[in-house]
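Below is one structure, written out as structure tokens, with a few remarks after it.
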Amino acid sequence: MHRWSELFIPTLREAPADAEVASHKFLVRAGYIRQLAAGLYSYLFLGNRSFNKIMGIVREEMDKIGQEFYLPALHPRELWEASGRWELMGDNLFRLKDRKGADLCLGMTHEEVMTDIASKELRSYKQLPQIWYQIQSKFRDEPRPRSGLLRVRQFIMKDSYSFDIDAAGLDVSYKKHYETYRRILDRCGLKYMVVEADSGAMGGKESHEFMVRTPAGEDLIVSCESCDYAANMEKAASKLAGVEDLTLEGGGEPLEVHTPGMKTIEDVARFLGVSPKNKIKTLAYMAEEKEAKTGKTKLRAVVVLIRGDHQLNEAKFAAAVGGKQTRPMQEDEIKQLFRSPAGFLGPIGIEWAADMKDGALPLLLVDKALEGRKNLISGANKEDYHLKNVTPGHNFRPTAYADLRAVAAGEGCPNCGEPLRIDTAVEIGHIFKLGYRYSESMGARVLDRNGKEVTLIMGCYGIGIERILTAAVEQSNDENGFWLPPSIAPFEIVVCPVNVKDETLLKAAVDIATRLEADGFDVLLDDRDERPGVKFKDADLVGIPFRVTVGKKVTEGTVEVVQRSTRQIQDASIAAITDYFKVLRPAR
RNA sequence: CGGGGCGUAGCGCAGCCUGGUAGCGCACCUGCCUUGGGCGCAGGGGGUCGUAGGUUCAAAUCCUAUCGCCCCGACCA
């Protein structure tokens, strides 16, 4: 039996000054974790117990679809060079040398190791499909660790990798993970959303993120309350209300208007008596391309046009230019291309590349919200002048139309048209179809049924163990502490004799705890010789979902069962005490 | 990497401006007392003031450098 008096549960009355978010404050105060250095935390008894429960659930569910491995955290440089990530990961990768001077790194994920095994061992299509997973520590030299356990430099991740012979097989592996992730998060008692996500430059077609809404989150998700549409901000789309175009003025050609000192969209729109929706916002960037052979950096101008009242979504933009590094143009670069100061930029009078591959000419990317619009107002590339009657496709030719704008709250859902909301959220899990990214570069191939060599198609799937606990705390806390879903709480019930010097109370409490334990519940007996107030405060703080208070009423054969989340108190018969916790054992 | 803030006892903080023997609350130890929401009384232990250098008769305090931590931004398979 776990007796509080013998355990190390260092609760604090006050949170450390440098804790900002609720989960950080409470996990420290409740004695779950202690900080060792920036982004590095020690998990104490309660924290470790909770993580073990989470990993237990993950393992149980993953074992239904895959096989658990244990892999090195220390990887040789050659492995990461084979995938190209030794270079690509830059400072995010922890690097070190062994005594012989050989380069090693601490794994931030295990694509390389898993693919290495696959490439060496898998020979035939008959061995496929395979799903391999591991639950281990990952290391990332984050530029800025923050928010307690939310963004750290060492953390535990369940990651799995699927190997299939073809895309249809990958679809099956992907779907298995999707369903398994739902089961895991359901069992962990989290309220979460599944959103369509950007697979990034890693080159996958399909990707979903499992997100938990919380103000502490670092990601933005767009969702519809009327239907089940939900997407990562980087991927989200929306329906726009129709906009009335301006009527043509003069002879139909672009018409210069004097707009002295009017540099912002707002200024110009107000000055000309039109809506920003009829204005083109011109943004100028430089894309940096590294030439593979020479290592030289090539610059290419990229101009983005979006509607005056819209914002550019950087991730969509990055995707549109094929993942190249981009940065805003500097003043002299703007001068050179537009021959105009910023504030009066526009697409007319410049020769644009006809397609993305086309050599040296600047690219003109136009947001889809401008496609088909007429008689817009843009900068004239001349100080203090703008142009009326500007129609995309007619007065200038875009290199490409693309979805580039950031969705805003209140815009229409792409599925049902109802207003969208935007929330911050924490990413708990991410599944995506990797494709051939690693199998190709690392030579993971098998023979198919025709004896032909085929490159394996892969998927990868991650779950952040710490983030499950963190999100649960963020989701359920009040001024006194937090409460966890029973499935991931370090204990399910804390039995709390009000006065341990009273032999009757203590004996009754020990008896109750023993019986609950015999019935398979995780019980903590608070046998500390403390005043009841202290014990109640601690019980409220440490995240245990139920409390049994053993007080004077034992003489009548009664104790109190307190539900932490609702503060609901009910008298319970000692004789039938286990009945009150049947709710903790729902049929699975 | 850019901007801002903070390092004084286990935790939370004051003292620094105006240099002169380092303090408060909580926690901890001992005793008494108390026992349904962080109780009371008495006694006690614990600090190279992040580190290094400088100024000064004298530095937690002034100056310089450096390290660490937090926040905002950039970044984030």
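Here is how names work: the chains are called A, B, and so on, in the same order as the sequence lines, proteins then strands, and each is numbered from 1. Values below: all heavy atoms of this structure, side chains included; hydrogens, waters and symmetry mates excluded.
Judged by distance alone, the side chains of A:E474 and A:S23 do bring a donor and an acceptor atom under 3.5 Å apart. A:E556 and A:T558 share no side-chain donor-acceptor pair at under 3.5 Å. Between the side chains of A:H177 and A:S162, no donor-acceptor pair of N or O atoms lies under 3.5 Å.
Across the P atoms, B:C6 and B:U61 are found 15 Å apart, a figure rounded to whole Å. B:G25 and B:C69 are spaced 32 Å apart, taking the P atom of each and rounding to whole Å. Spacing of P atoms, B:C16 relative to B:A22, comes out at 15 Å, to the nearest Å. B:C71 and B:C24: their P atoms are spaced 32 Å apart (whole Å). On the C1' atoms, B:A27 is 23 Å away from B:G36, given to the nearest whole Å. Annotation: B:C28 and B:C72 have their P atoms spaced 34 Å apart (nearest Å). As rounded to the nearest Å, B:A58 and B:C29 have P atoms that lie 43 Å from one another. Taking atom C1' in both B:G15 and B:C62, one finds a spacing of 16 Å when rounded to whole Å.
Rounded to an integer number of Å, the gap from CD of A:Q35 to P of B:C11 is 11 Å. What separates CG of A:D18 from C1' of B:G4 is a distance of 16 Å, to the nearest Å. Distance NZ (A:K552) to C1' (B:U35): 9 Å, rounded to an integer number of Å. Between the CG atom of A:L36 and the C1' atom of B:C69 there is a distance of 13 Å, rounded to whole Å. In this structure, A:N480 places its CG atom 11 Å from P of B:G38, rounding to the nearest Å. Here B:C28 presents its C1' atom at 13 Å from CZ of A:F8, a figure rounded to the nearest Å. What separates CZ of A:R34 from P of B:A27 is a distance of 16 Å, to the nearest Å. Atoms CZ (A:R531) and P (B:C39) sit 7 Å apart, rounded to a whole Å.
For B:G37, its base sits under 3.5 Å from the side chain of A:R547 at one donor and acceptor pair at least. Taking only distance into account, the side chain of A:E530 never meets the base of B:G38 through a donor-acceptor pair shorter than 3.5 Å.
Within 4.0 Å (heavy atoms only), A:D540 reaches at least one base atom of the nucleic acid. Note on A:A19: nothing from the nucleic acid sits closer than 4.0 angstrom, heavy atoms only. Residue-level contact check: A:S147 touches the backbone only, with heavy atoms under 4.0 Å from sugar-phosphate atoms and none from bases.
Between A:F482 and A:Y32, a ring centre-to-centre spacing shorter than 6.0 Å is recorded.
The pair A:K507-A:E503 fails the salt-bridge criterion, with no side-chain N (NZ, NE, NH1 or NH2) lying under 4.0 Å from an Asp/Glu carboxylate O. A salt bridge does not link A:R547 to A:D538: none of the charged side-chain nitrogens sits closer than 4.0 Å to a carboxylate oxygen. Salt bridge annotation for A:D511-A:R515: present, with a cationic side-chain nitrogen under 4.0 angstrom from a carboxylate oxygen. A salt bridge does not link A:K535 to A:E530: none of the charged side-chain nitrogens sits closer than 4.0 Å to a carboxylate oxygen. The existence of a salt bridge linking A:K235 and A:E196 is excluded, since no basic side-chain nitrogen approaches an acidic carboxylate oxygen closer than 4.0 Å. A salt bridge links A:E218 with A:R146; the closest basic N to acidic carboxylate O contact falls under 4.0 Å.
Comparing atom distances between the A:R13 side chain and each of B:U35, B:C39, B:C13 picks out B:C39 as nearest. Proximity note for A:A38 (side chain, C-beta onward) versus B:G37, B:C70, B:G36: the nearest is B:C70. For A:D538, the side-chain atoms get nearest to B:G38 when compared with the rest of B:U35, B:G37, B:G38. Distance from the side chain of A:R29 is smallest to B:G38 among B:G25, B:G38, B:C70. Picking from B:C11, B:G38, B:C71 the nucleotide with the shortest atom distance to the side chain of A:L12 gives B:C11.
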Atom pairs under 3.5 Å, N or O on each side, protein against nucleotides 73-75 of chain B: can you list them with distances?
residue, atom, partner, partner atom, Å
B:C75, N4, A:R146, NH2, 3.3

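Using the Watson-Crick or G-U wobble rule with both distances under 3.5 Å, B:U55 pairs with nothing in any strand shown. Under the Watson-Crick or G-U wobble criterion, with both distances below 3.5 Å, B:C1 is paired with B:G73. In this entry B:U48 has no Watson-Crick or G-U wobble partner, no candidate having both defining distances under 3.5 Å. A 3.5 Å limit on both hydrogen-bonding distances identifies B:C32 as the Watson-Crick or G-U partner of B:G40. In this structure B:G10 sits in a base pair with B:C26, meeting the Watson-Crick or G-U test at under 3.5 Å.
Expressed to the nearest 0.5 Å, how far CD of A:E440 lies from CG of A:L456 amounts to 11.0 Å.
Between B:G38 and A:K535, no contact under 4.0 Å exists linking OP1 or OP2 to a side-chain N or O.
The shortest non-hydrogen separation linking A:I512 to A:V548 is CG2-CG1, 4.5 Å.
When each of A:E111 and A:T11 is assigned the nucleotide of RNA chain B with its nearest heavy atom, A:T11 is the one assigned upstream, toward the 5' end. Take the nearest nucleotide of RNA chain B for A:P16 and for A:C460: the residue whose nucleotide is more 5' is A:P16.
Using a 4.0 Å cut-off on heavy atoms, the residues of residues 491-509 of chain A that approach RNA chain B are A:V498, A:N499, A:K501, listed by number.
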